[in-house]
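Quick note on labels: first sequence line is chain A, next is B, and so on, each numbered from 1.
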Amino acid sequence: MDYNRLAELLFPGVTATPEDMERRYPERRLPEGAKVTRIAPSPTGFFHFGGLFPATVGERLAHQSGGVFFLRIEDTDSKREVEGAAAFITKILSYYGLDFDEGVTADGDKGDYGPYTQSQRVDIYHVYAKKLVRDGLAYPVFSTDEELDELKAADKKAEIKSVKWEEEAQARRDAMIARRDFTMEQVEAELAAGHKFALFARADGDPEKKIKITDLVKGTLEIPENDEDVVLLKSDGIPTYHFAHAIDDHLMRTTHVIRGEEWLPSLSKHLMLFRYLGFRAPKYMHIAQLMRLDENGNKKKLSKRDMGANLDDYRRMGYPVPSVSEYVMTLLNSNYEEWHMQNPDKSWRDFPFSIKKMSASGCLFDTEKLNDVSKNVISRMTAEQVFDGVCGYAKTEDPEFYETLTGDPEYAKRILSIGRGGAKPRKDFAVWADVRPYMAFFYDKYFTRDDEMPADKDKADIKTALESFVSTYDENDDQSAWFEKCKDIAESIGYARETKLYRKEPDKYKGHVGDVASFVRLAVTGRQNSPDLYEVIKIIGKDRMVDRIRAAIALL
RNA sequence: GGCCCGUUGGUCAAGGGGCUAAGACACCGCCCUUUCACGGCGGUAACAGGAGUUCGAAUCUCCUACGGGUCACCA
């Protein structure tokens, strides 16, 4: 077989050579040890939460080493492509602060190694396709349109589950081998008939032999050599992931390929392609998948339709960006939390991220832990920052509340200042959506009486206590003077001045000062629980406090 | 089914031949406390199983079990 002639026949228009490509995309000039990483999503209009893991690792590794982090859009599957998806991806990556140095942006490509969209790189792939044909390493497989339609309609998953899988796989292999060695005449005839061809790489591996390869996360892997012919180009001339991966990551000079472990089974194919193409393979890092628990208590891959699988869900649920980032870091590097406790004021970007600390096994998504991380994140913020965070969330997710907040920002910030800023800040919010119910009673239009006055206390006593509170209240009292008055009121209605006294001798009193405070709290906030009552009343103001207490007395 | 990866408390995990096997979240109890939140102290709870190597194994080897992934002209 004259492979040169075959190559010309198959790719008559391709004149560029691999050498041209090397010149066009030279080695990057970067400092020693600099890593080049990438994030390579498919534009399906959906960014998986799990995608944040490799993306974060890639971003950290590149930027921690003075390297390059780039974005490549892998749109080789036109069937799954969604309009505007690339723009959505860049938007969400920037929302999560995963800034890339090169790649597809709203204003076109940025960087010298583009185009960064695979569908725009078809010419490049064909250069290498032609080379592989010339080298006798790739061959065409012709199909009629009808056969192609059939292929698309086939339900692969159903086949795999069949018990006869082994036989069917063998049959497929035999069919493949039969098509491997078309004669030149056959090829010419197919071409003349206008049939399309897919390009396959001829596998040369022996599955009985194992290749040892070091994965930076998994350690030493032993995988069988590849003996399956790999589809390089589909009938439409568009490359498969495998082919595009080898060419792009070589030409873009990627040093570390970070991806999910679902790619592990095809690693053998990729290594073979790198070898065929004469490229040095990058270092690989296969990250374990994020799991969830199914109804039977088994681990399952967090799949598209699961709650929380869509990264954008977290914005809509009201998680601050750093909460999500920090949660991801806690899972990625087990010593992150410890470091953060020692460096509470530093950003997760200051953390010395280490490949060695990455876990080889998959973990379960844990909402409780996310919430805990998030509570800590928000508790460290200033009232101003919390205000901005809530507003940013409410603007799109709760516009009515947004109007309320921005109607009187200073008032809102005073409320948000309660218990904030000290060494032991309150931790009331895990998500921005928690803020509204927390703040509601400060606003007359949201105020409701959710909890009743305690039924076991004498109504006359409650009334007396509330009336005394109103008549003795002085806005100028400091907290201790204020509380002394509460104690006086307690005493006046036969309640203990101190909670401790009551506990010691419960029979001697009808209640204690805590009960008095709780009457006032119930009257003013409509609830049993609230942040510091003294602060609350100061913010609400004497007039509204008095109104609410009078209304409560009337209800007795 | 073949192949590959994984397996320390409910969850995330430290530990890489010599511990009574860290810590965080969750849970429970106590303390602090005018409620809540915070904080403090304490507690329940784990090396998947079996062989082997060794004076000694969570740690090394093998087998088994279980879980996951994958087996497309998808990525």
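- One finds a side-chain N or O of A/Lys79 lying less than 4.0 angstrom from the OP1 or OP2 phosphate oxygen of B/C74.
- Of the two residues contacting RNA chain B, namely A/Glu337 and A/Val231, the nearest-nucleotide position lying further toward the 5' end is that of A/Glu337.
- As rounded to whole Å, 13 Å separates atom C1' of B/A26 from atom CG of A/Leu364.
- Residue A/Gln528 is classed as a base contact, given a heavy-atom separation below 4.0 Å to a base.
- Backbone-only engagement by A/Glu222 is indicated by non-hydrogen atom pairs under 4.0 Å involving sugar-phosphate atoms exclusively.
- When both distances must be under 3.5 Å, the Watson-Crick or G-U wobble mate of B/U59 does not exist.
- At whole-Å resolution of the value, NZ in A/Lys487 and P in B/U33 are 11 Å apart.
- Distances were taken from every side-chain heavy atom of A/His242 (C-beta onward) to each of B/G39, B/A75, B/C36; the shortest belongs to B/A75.
- Distances from the side chain of A/Arg426 to the nucleotides B/C5, B/U7, B/C36 place B/C36 closest.
- Taking 4.0 angstrom as the limit, A/Lys427 places none of its side-chain polar atoms (N or O) nearer than this to OP1 or OP2 of B/C36.
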Practice prompt. Could you please spell out the steps behind the salt bridge (Lys or Arg N to Asp or Glu O under 4.0 Å) verdict for A/Asp75 and A/Arg80?
Written response: CA-CA 8 Å; A/Asp75 60 342; A/Arg80 296 202 311 172; over 6 Å; no
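- Taking atom CH2 of A/Trp263 as the reference point, atom C1' of B/G68 lies 17 Å away to the nearest angstrom.
- Rounded to whole Å, the P atom of B/C62 lies 13 Å from the corresponding atom of B/C4.
- Rounded to whole Å, atom P of B/U35 lies 21 Å from atom CD of A/Glu452.
- Between B/C36 and A/Ser530, no contact under 4.0 Å exists linking OP1 or OP2 to a side-chain N or O.
- Within the nucleic acid shown, A/Lys500 comes within 4.0 Å of sugar-phosphate atoms alone, with no base atom in reach, counting heavy atoms only.
- Between A/Pro265 and A/Ile223, it is A/Ile223 whose nearest contact on RNA chain B lies nearer the 5' terminus.
- If you check every strand for non-hydrogen atoms under 4.0 Å, A/Lys210 touches sugar and phosphate atoms only.
- As judged by a 4.0 angstrom heavy-atom cut-off over every strand, A/Ser359 is placed among residues touching the sugar-phosphate backbone only.
- In this model, a donor atom of one side chain and an acceptor atom of the other lie less than 3.5 Å apart for A/Tyr125 and A/Asp248.
- With hydrogens and angles ignored, a donor-acceptor pair under 3.5 angstrom links the side chain of A/Ser235 to the base of B/C73.
- With hydrogens and angles ignored, no donor-acceptor pair under 3.5 angstrom links the side chain of A/Ser268 to the base of B/C4.
- Put simply, the side chain of A/Arg527 and the base of B/C36 share no donor and acceptor less than 3.5 Å apart.
- Side chain of A/Leu331, nearest nucleotide from B/C12, B/C4, B/A75: B/C12.
- Between A/Leu522 atom CG and B/C36 atom P there is a gap of 13 Å when expressed in whole angstrom units.
- Proximity of A/Thr382 to A/Arg420: side-chain heavy atoms (C-beta onward) are nowhere separated by under 4.5 Å.
- Separating the C1' atom of B/C38 from that of B/C47 is a span of 35 Å, rounded to the nearest Å.
- Taking a centre distance below 5.5 Å and an interplanar angle below 30 degrees as the stacking criterion, A/Phe483 stacks against the six-membered base ring of B/U34.
- A donor and an acceptor atom sit less than 3.5 Å apart, one in the side chain of A/Arg521 and one in the base of B/U34.
- Counting only N and O atoms by type, the side chains of A/Asp532 and A/Gln479 include a donor and acceptor under 3.5 Å apart.
- A/Glu262 and A/Gln289 are linked by a side-chain donor-acceptor pair at a separation below 3.5 angstrom, with hydrogens and angles left out of the test.
- Put simply, CD on A/Gln479 is 12 Å from C1' on B/U33, counting in whole angstrom units.
- Side chains of A/Arg521 and A/Ser530: a donor-acceptor N/O pair is present below 3.5 angstrom, by distance only.
- Taking only side-chain atoms of A/Met341, from C-beta outward, the nucleotide of B/A24, B/U33, B/C73 with the closest atom is B/A24.
- Remark: the separation of the P atoms in B/C63 and B/C74 is 37 Å, to the nearest Å.
- Minimum atom distance to the side chain of A/Lys357 is reached by B/A14, of the listed B/A26, B/A14, B/A37.
- A donor-acceptor contact closer than 3.5 angstrom is absent between the side chains of A/Ser42 and A/Thr44.
- Using atom P as the reference point in both B/C5 and B/C27, the two lie 38 Å apart (nearest Å).
- At B/A75, one or more side-chain N or O atoms of A/Lys234 fall inside 4.0 Å of OP1 or OP2 (strictly under the cut-off).
- Within the shown strands, B/C71 is the pairing partner of B/G1 under the Watson-Crick or G-U definition, both distances less than 3.5 Å.
- The nucleotide B/C12 finds its pairing partner in B/G23, both defining distances of the Watson-Crick or G-U wobble pair being shorter than 3.5 Å.
- Base pairing annotation: B/A48 forms a Watson-Crick or G-U wobble pair with B/U64, both donor-acceptor distances under 3.5 Å.
- Taking only side-chain atoms of A/Glu262, from C-beta outward, the nucleotide of B/C5, B/G69, B/C4 with the closest atom is B/G69.
- Look at the P atom in both B/A46 and B/C30: the space between them is 24 Å, to the nearest Å.
- Applying the 90° cutoff around 0 to the glycosidic angle, B/G16 is assigned syn.
- The gap from the C1' atom of B/C71 to that of B/A14 amounts to 36 Å, rounded to the nearest Å.
- Across all strands shown, A/Asp532 has heavy atoms under 4.0 Å from base atoms, whether or not it also approaches the sugar-phosphate.
- Residues A/Asp477 and A/Tyr534 have side chains that never bring a donor and an acceptor to within less than 3.5 angstrom of each other.
- Taking atom C1' on both B/U59 and B/G16, the two are 6 Å apart, rounded to the nearest angstrom.
- The interatomic distance linking A/Arg80 (CZ) with B/A75 (C1') rounds to 5 Å, in whole Å.
- B/A48 and B/C12 have their P atoms separated by 14 Å, given to the nearest Å.
- Pairing for B/G42 is with B/C28, a Watson-Crick or G-U wobble pair whose two hydrogen-bonding atom distances lie under 3.5 Å.
- The nearest whole Å value for the distance from the CG atom in A/Asp77 to the P atom in B/A75 is 5 Å.
- The base of B/U34 has none of its N or O atoms less than 3.5 Å from a complementary donor or acceptor on the side chain of A/Glu498.
- The A/Thr76 side chain lies nearest to B/A75 when the options are B/C25, B/A75, B/C73.
- The aromatic rings of A/Tyr495 and A/Phe519 sit perpendicular, their planes meeting at an angle over 60°, well past the 30° parallel limit.
- For the 3.5 Å distance criterion, the side chains of A/Tyr139 and A/Asp229 qualify, holding a donor opposite an acceptor.
- You'll find that the side chain of A/Leu533 is closest to B/U34, out of B/U34, B/C25, B/C5.
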